[in-house]
Amino acid sequence: MTYRVCFVCTGNICRSPMAESVFRARIQEAGLDGLVEVDSAGTGGWHEGDGADPRTVTVLGNNGYDSEHTARQFQVSWFSRLDLVIALDAGHLRALRRLAPSAEDAQKVRLLRSYDSSAGADLDVPDPYYGGLDGFEECLEMVEAASDGLLAAVREHVEGRAA
């Protein structure tokens, strides 16, 4: 049975596609591709059908990640098929939990940086959209730092299902 993870930010062109690309690479490196499905979406549909922001594409490419992406908006109906919904900041967390059709679905929503033990008190991945390339690089560092802890949690669930 496939374990499904969806990363969610505002418009699905900066943070969530970056997190999707990084985590997909982690899943492949761990030999879990085929067992874990990774995608991303935005809380809004402003950029639906667009590719990732060119700065996201640049930073991902410079660091060896795939950047093929088409933006889309998160749909409430997805809760029924997703195992984990990863919000990139507290605003997304609140919005997604409000959308959740049940308390069980609301518990599927987690902050990405909650999987980074060195993150401190601020668990938001800041939106780099209105800044320069350095903001996108900082975003990538935060995503990478949290991806190892997230991978460990997902691996635990996948191995628990297989047992």
**Message:** Whether the side chain of Glu48 engages the backbone of Arg72 through a donor-acceptor N/O pair (distance < 3.5 Å, no angle test) should be reported.
**Reply:** no
**Item:** Side-chain ion pair, Arg24 and Glu20, N-O less than 4.0 Å
**Value:** yes
**Request:** State, with a plain yes or no, whether a side-chain heavy atom of Leu82 is found less than 4.5 Å away from one of Phe74.
**Result:** yes
**Item:** For the student: nearest non-hydrogen atoms of Ala41 and Ser16, plus distance
**Value:** O-OG, 3.3 Å
**Message:** Using every non-hydrogen atom in the two residues, find where Cys14 and Pro128 come nearest and quote the distance to one decimal.
**Reply:** CB-CG, 4.1 Å
**Asked** About how many Å separate CZ of Arg15 and CG of Asp124, when rounded to the nearest 0.5 Å?
**Response** 8.0 Å
**Asked** At what distance, to the nearest 0.5 angstrom, does OG1 of Thr58 lie from CG of Leu60?
**Response** 9.0 Å
**Asked** To the nearest 0.5 Å, how far apart are CG in Asp83 and NZ in Lys108?
**Response** 6.5 Å
**Message:** For the CD atom on Glu29, are there more than 12 heavy atoms of other groups (residues, nucleotides or ligands in this structure) within a distance under 6.0 Å?
**Reply:** yes
**Item:** Val8 side chain near Val85 side chain, heavy-atom distance below 4.5 Å
**Value:** yes
**Request:** Indicate yes or no for a side-chain donor-acceptor contact from Ser21 to the backbone of Met18 under 3.5 Å, with no hydrogens or angles considered.
**Result:** no
**Request:** Output the distance between atom CG (Asp105) and atom CH2 (Trp78), rounded to the nearest 0.5 Å.
**Result:** 14.5 Å
**Asked** Any idea which heavy atoms bring Ala71 and Gly11 closest together, and the distance?
**Response** CB-O, 3.9 Å
**Request:** Flag the pair Tyr115 / Arg110 as yes when at least one side-chain heavy-atom distance between them is below 4.5 Å, and no otherwise.
**Result:** yes
**Message:** Can you tell me if Gln75 has over 12 outside heavy atoms packed within less than 6.0 Å of its CD?
**Reply:** yes
**Request:** Report yes or no: does Arg55 contribute a side-chain atom to a donor-acceptor pair with the main-chain N or O of Gly131 at less than 3.5 Å?
**Result:** yes
**Message:** With a 4.5 Å cut-off on side-chain heavy-atom distances among I, L, V, M, F, W and Y, is there a chain of contacts connecting Leu32 to Phe23?
**Reply:** yes
**Asked** Taking all non-hydrogen atoms of both residues, which atom of Ile13 and which atom of Gly51 are closest, and how far apart?
**Response** CG2-O, 3.6 Å
**Joint cluster assignment, Leu123 & Leu84, ILVMFWY side-chain distance < 4.5 Å** = no
**Asked** Given the rule in the side chain to side chain donor-acceptor pair (under 3.5 Å) test, do Asn12 and His69 qualify, once you have shown the distances and angles that lead to the verdict?
**Response** CA-CA 9 Å; Asn12 193 218; His69 176 73; 3.3 Å; yes
**Nearest-0.5 Å distance, CG of residue Leu112 to SG of residue Cys9** = 11.0 Å
**Request:** Check whether any side-chain N or O of Arg97 sits under 3.5 Å from a backbone N or O of Ala106 as a donor-acceptor pair, and report yes or no.
**Result:** yes
**Prompt:** How are the rings of Tyr3 and His157 set to each other: parallel, tilted or perpendicular (split at 30° and 60°)?
**Reply:** parallel
**Shortest non-hydrogen contact from Val57 toward Ser67** = CG1-OG, 3.4 Å
**Fill in**
Taken to the nearest 0.5 Å, the spacing of Ile86 CD1 from Leu111 CG works out to 8.5 Å
**Asked** For the residue pair Pro101 and Phe79, what are the closest heavy atoms and their distance?
**Response** CD-CD1, 3.6 Å
Donor-acceptor pairs under 3.5 Å, side chain of residues 132-153 to any protein atom, not counting sequence neighbours: which ones?
{"from": "Glu144", "atom 1": "OE2", "to": "Tyr65", "atom 2": "OH", "distance (Å)": "2.6"}
{"from": "Ser147", "atom 1": "OG", "to": "Val143", "atom 2": "O", "distance (Å)": "2.7"}
{"from": "Asp148", "atom 1": "OD1", "to": "Arg26", "atom 2": "NE", "distance (Å)": "3.2"}

